[in-house]
Amino acid sequence: MKPIYVVEDDTNIREIELFALKNCGYDTKGFERASDFWQGLKSQQPALVLLDLMLPDEDGLAVLRKLRESRETRDLPIILVTAKTTELDKVKGLDAGADDYISKPFGVMELISRVKALLRRATPAEQKAVLTLGDIVLDMDGRTCKVSGTPVELTYKEFELLSLLTRNAGIVLSRDVLMEKIWGIDFIGESRTLDVHIKTLRKKLGEGGRYIQTIRNVGYLADEGTEK
């Protein structure tokens, strides 16, 4: 099994995380600085990364964005672990590509539960390399989106949201399902966050935005018809 990497400059917190994970049977490796983490990536790809935002040598969000921009690590499961607890901080981290978010101080049981849940969601599954929805074409390998042949720039979460809806075209996905699959975390303001992402996604897609339908009091549906 690949190890879980813990990137945390606080020695006490890092040791708690490593100890808890090892007790659950996970192979682990800790890093105090981002530079050490980058060096570790050269030797072995981890199964998951627990990433602190406030590192001494590089901002955690910058590390996260670099991981998502790289073909080798763009799908790497990442949980942010940080003392920043405002909704805006969480949204920034999740939009930058984090799969989950744990606020300090945290309980060991919560940490292990979130790690297990994310590893389950991250289990590789056979998927199409190219997804289509009407005039929308998603290249899953290149993580690019085109509408009627015109490239559309999407954030990490917008791409994940659109691809999930497209893979389940014709099926109504509830808000709970979308939040669990895309954000993997419950936090205050979650419904507003989802609605804002849908609104922004529709705007970016232009005419293609009509394929994302709102199902009142339930969730959203990807369909090649017109919006209901």
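- A donor-acceptor pair under 3.5 Å links the side-chain atoms of Ser43 to the main chain of Gly40, judged by distance alone.
- Within a 6.0 Å sphere centred on CD of Gln45, other residues, nucleotides and ligands contribute more than 12 heavy atoms.
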Please evaluate residues Lys104 and Val81 with respect to the criterion side chain to side chain contact (heavy atoms under 4.5 Å, CB included), reporting the C-alpha separation (whole Å), side-chain torsions for both, the decisive distance (0.1 Å), and the verdict. CA-CA 7 Å; Lys104 300 176 185 177; Val81 184; 4.0 Å; yes
Could you go through Glu17 and Leu111, starting from their C-alpha distance and side-chain angles, then the distance that decides it, and tell me whether this counts as side chain to side chain contact (heavy atoms under 4.5 Å, CB included)? CA-CA 8 Å; Glu17 293 175 313; Leu111 173 69; 4.0 Å; yes
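- The shortest non-hydrogen separation linking Asp9 to Leu55 is N-CD2, 4.1 Å.
- Atom CG of Leu162 and atom CZ of Arg202 lie 11.5 Å apart (nearest 0.5 Å).
- Shortest non-hydrogen contact noted between Leu76 and Leu48 is CD1-N, 4.4 Å.
- Between Glu58 atom CD and Phe37 atom CZ the span is 10.0 Å, to the nearest 0.5 Å.
- Formation of a donor-acceptor pair under 3.5 Å by the Ser113 side chain with backbone atoms of Met109 is not found in this model.
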As a quick check of understanding, evaluate side chain to side chain contact (heavy atoms under 4.5 Å, CB included) for Val49 and Thr73, giving each step before the final call. CA-CA 11 Å; Val49 176; Thr73 57; over 6 Å; no
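- Of the charged side-chain nitrogens involved, none lies within less than 4.0 Å of a carboxylate oxygen, so that Arg14 and Asp52 do not count as a salt-bridged pair.
- Here the side chain of Asp139 pairs a donor or acceptor atom with the backbone of Gly142 at under 3.5 angstrom.
- From Leu131, atom CG reaches atom CD1 of Ile136 across 11.0 Å, with rounding to the nearest 0.5 Å.
- A 4.5 Å side-chain heavy-atom check between Leu194 and Tyr220 finds at least one atom pair inside the cut-off.
- More than 12 heavy atoms of other residues, nucleotides or ligands lie within 6.0 Å of CZ in Phe106, so this atom counts as buried by the packing criterion.
- The backbone N or O of Val196 lies less than 3.5 Å from a partner atom in the side chain of Thr200, making a donor-acceptor pair.
- Neither Phe19 nor Val7 shares a network with the other; the hydrophobic side chains, linked directly or stepwise wherever heavy atoms of I, L, V, M, F, W or Y lie under 4.5 Å apart, form separate groups for each.
- A continuous path of ILVMFWY side-chain contacts below 4.5 Å connects Val152 to Tyr211, so both sit in one hydrophobic cluster.
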Can Lys116 and Asp100 be said to form a salt bridge (charged side-chain N to carboxylate O under 4.0 Å, His left out), step by step? CA-CA 12 Å; Lys116 288 181 177 179; Asp100 204 345; over 6 Å; no
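- The shortest non-hydrogen separation linking Leu61 to Leu53 is N-CD2, 3.7 Å.
- Using a cutoff of 4.0 Å between basic side-chain nitrogens and carboxylate oxygens, Glu160 and Arg143 are scored as salt-bridged.
- A 6.0 Å sphere centred on NZ of Lys92 holds no more than 12 heavy atoms belonging to other residues, nucleotides or ligands.
- Asp95 places none of its side-chain heavy atoms less than 4.5 Å from the side chain of Glu158.
- Shown here is Asn217, whose CG atom has no more than 12 heavy atoms of other residues, nucleotides or ligands within 6.0 Å.
- Looking only at side-chain heavy atoms (C-beta outward), Leu178 and Ile198 stay at 4.5 Å or farther from each other.
- A salt bridge links Asp195 with Arg175: at least one charged nitrogen is closer than 4.0 Å to a carboxylate oxygen.
- Looking at heavy atoms from C-beta onward, Ile102 lies out of side-chain contact with Leu80 at the 4.5 angstrom threshold.
- Each of Ile78 and Tyr156 belongs to its own hydrophobic cluster when Ile, Leu, Val, Met, Phe, Trp and Tyr are linked at side-chain heavy-atom distances under 4.5 angstrom.
- Atom-to-atom distance recorded for Asp135:CG and Arg210:CZ is 5.5 Å, nearest 0.5 angstrom.
- At least one side-chain heavy atom of Gln44 sits less than 4.5 Å from a side-chain heavy atom of Tyr5.
- Interatomic distance, OG of Ser174 versus CD of Glu180, reported as 10.5 Å (0.5 Å rounding).
- The shortest side-chain heavy-atom distance between Ile212 and Leu205 falls under the 4.5 Å cut-off.
- Heavy-atom minimum distance, Leu133 versus Ala169: CD1-CB, 4.3 Å.
- Looking at Leu154 and Lys204, their side chains come closer than 4.5 Å, going by heavy atoms from C-beta outward.
- Here the shortest heavy-atom pairing between Ala34 and Asp57 reads N-OD1, 3.0 Å.
- Closest non-hydrogen pair, Ser163 versus Leu138, comes out as CA-CD1, 3.7 Å.
- Clustering ILVMFWY residues whenever any of their side-chain heavy atoms sit less than 4.5 angstrom apart, transitively, puts Val63 in the very cluster that holds Tyr101.
- Side chain of Arg74 to main chain of Glu69: no donor-acceptor pair is present (N/O by atom type, distance under 3.5 Å, no hydrogens or angles).
- Looking only at side-chain heavy atoms (C-beta outward), Met140 and Phe159 come within less than 4.5 Å of each other.
- In this structure, CE on Met179 lies 7.5 Å from CG on Leu94, to the nearest 0.5 angstrom.
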